[in-house]
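A short write-up of the structure that comes next.
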Amino acid sequence: MSDTPAPQRLPLRQVWPDDRVAHYRAAGHWRGETFPGFLRDRAQRFSGDLAVVGGAVRWTYAQLWDEAERIAAGLLAQGLAPGDRVVVQLGNIPEFVAVVCALFRAQLVPVYALPAHRLTEVAHFARKAEAVAYVCAEKYEAFDYRTLARELQREVPAVRHVFVVGDGGEFVPVAGLDGDRAALPGDPDPQSVAFLQISGGSTGLSKLIPRTHDDYIYSFRASNDLCGIDRDSVYMVALPAAHNFPMSSPGFFGALYAGACVVLSPGPGPDVAFPLIARERVTCVGLVPPLALLWADAAAKTAHDLSSLRVVQVGGAKLVPEAARRVIAGLGCTLQQVFGMAEGLVNYTRLGDPEEVVVRTQGRPISPDDEVLIVDDQGAPVPDGTTGHLLARGPYTIRAYHNDPAANARSFTDDGWYRTGDMVQRTADGNLVVQGRATDHINRAGEKISAEEIEDHLLAHPQVFDAAVVSIPDDFLGERSCAFVIPGEARPRPAELKAWVRGRGLAAFKVPDQIVFVDAFGTTAVGKVSRRELRAQLRARFLAEQGA
Ligand code: OOB
């Protein structure tokens, strides 16, 4: 026994009011299921069925569970303890699924980072979550994550353990983990927090989203019904597996819950995904709009047999009606629009909806107990057909972020509504149509970039006097980022500023696509202008000049 007391750490909680808890249970939404509970059950019932396909791996349900238990016991043997938080940064490889299942099995708490994230983001997640460990791959998409691991440990020494898929170098390889399986804990409380997901982040750095077993399992179990996922389905993960869309809408967890087969595509492009679709007879896949258009075009020319595809889901960013028609025509299968958020609420068009609904709307909520409120700037509900701010509450929408009182005060009302930041309309038949964002972020092909976060990094440059980052409509990406910069005495080159942002340890998708130097942020308004107004003015002026 060591005599150093266990470190104090902020408890992970997600709490709904008692009457809601009682109702969500009575309604059969929350069934007391847990991740290890359902995974063990499937390993027994569907033991010989194919669960995960990726690279050279083809794991049955029994093999996946065995891998999860081996890694789980190994992590505890290395000194981790139930309740510890572990940052996981893995790409679309089978080990991602095995490691996450292992963490659940050992009652360790995954904190999901995207492969594109770099030191600044990963260190932020580790600090906010008070993580003690980091799991990464030796290499993914030509980046060596062991370098990042070293920097992370220097910056956040509380991250005592690093586990690596592949050649571990000085770190512990995941493949070598093992331990006493009898030492593994029992199943967790279904209302406890299972993992921390990452927010899209509209102001500053990403917030951490605590999701419980009960709430998350409900969201993908109910999604399975709406997306047509059953034991015969083959679900492809083409987007980064750590993102909420391919994870739970219905995602690979929905597929595993149903006893279906999960196929991990190492890249999102048709060149990589199409041969896999043909080989594995994939039936369902989730894409972001630019990718869906790329696939639709490529499908016309491909020699690969895509006839197994039944449902192509598109979400993460707005799919405009003309693009939706092209996707349907190009891929020749059912389109399902998905409008969701890592904080909870997910909307789907239904598989049997008339084409006009599928093409023109982003669908309606999963649950009869999802509450949706659309209000004007003063908070008064608006009639159908009028654009307003979307607020949400329900059996799988969070009530608070982890460890972030300021964000909680901003993002939640006193009576528990989550302010999504999205501007939407509701149609007479109850579907939502996304009109844009109320807050300043750039939705770059589904990847969310906070204007404020990038402005902060630009302002740190010695030759930047001021900077404002805005979204500009883009034919391919939907939106691209443009930074308006007032230079200091010497004007830096745009390439230099881009390299500067990248050098700050940020994901590459956050580097401004375009940099425009201006002498001043001229404004017609009198007195102090808010950053939001300023960004809106710069954007409007830029678009007017482009149009001229
Ligand atoms: C998904 O999750 P996040 O957390 O990366 O981003 C959420 C935000 C939404 O608030 C909205 O602004 C935007 O992404 N969004 C869409 C959209 N789907 C998401 N905007 C317009 N049309 C859509 N179809 O992006 C996400 C999570 C689960 C399922 C699907 C997407």
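In this text, all values refer to a predicted model and were calculated from it rather than measured experimentally. When a ligand or atom number is given, it counts from 1 through the structure's own listing order.
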Tell me if the aromatic rings of Tyr401 and Phe412 count as close, with their centers under 6.0 Å from one another.
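Ring centroids of Tyr401 and Phe412 are less than 6.0 Å from each other.
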
[atom1] of [X]: more than 12 outside heavy atoms within 6.0 angstrom?
X: Arg502; atom1: CZ; result: no
X: Arg13; atom1: CZ; result: no
X: Asp475; atom1: CG; result: no

Pairing of Arg444 and Asp513 as salt bridge, 4.0 angstrom limit:
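Between Asp513 and Arg444 there is a salt bridge, with a charged N closer than 4.0 Å to a carboxylate O.
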
Could you list the atoms of ligand 1 found under 4.0 angstrom from a heavy atom of [X]?
X: Asn443; answer: 13 (C)
X: Lys318; answer: 20 (N), 21 (C), 22 (N)
X: His243; answer: 1 (C), 2 (O), 3 (P), 5 (O), 25 (O), 26 (C)
X: Arg437; answer: 10 (O), 12 (O)

May I ask you to test the Val311-Cys227 pair for a side-chain heavy-atom distance under 4.5 Å?
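Side-chain contact under 4.5 Å: no.
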
[X] versus ligand 1: do any nitrogen or oxygen atoms come within less than 3.5 Å of each other?
X: Asp422; value: yes
X: Asn244; value: no
X: Ala342; value: yes
X: Val338; value: yes
X: Gly316; value: yes

Minimum-distance protein heavy atom relative to atom 14 (O) of ligand 1:
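Closest protein heavy atom to atom 14 (O) of ligand 1: Lys448 CE, 2.9 Å.
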
Tyr112 and Phe195 aromatic ring geometry - parallel, tilted or perpendicular at 30°/60° bounds
tilted

As a check for students: among Gly340, Ala438, Gly421, identify the option with a heavy atom nearest to atom 19 (C) of ligand 1.
Gly340

Which of these, Ser248, Gly315, Ala317, has its nearest heavy atom closest to atom 23 (C) of ligand 1?
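It is Ala317 that holds the nearest heavy atom.
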
Which segment of Gln337 sits under 4.0 Å of ligand 1 when only heavy atoms are counted:
neither

Is Ser249 touching ligand 1 with its side chain, its backbone, both, or neither, if touching means heavy atoms under 4.0 Å apart?
side chain

May I ask you to check if Arg42 and Tyr257 form a cation-pi contact, with NZ or CZ under 6.0 angstrom from the six-membered ring centre and within 45° of the axis?
yes

Got a list of side-chain donor-acceptor pairs under 3.5 Å for residues 91-103, not counting sequence neighbours?
residue : atom : partner : partner atom : Å
Asn92   : OD1  : Ala241  : N            : 2.8
Asn92   : ND2  : Leu239  : O            : 3.0
Asn92   : ND2  : Ser265  : O            : 3.1

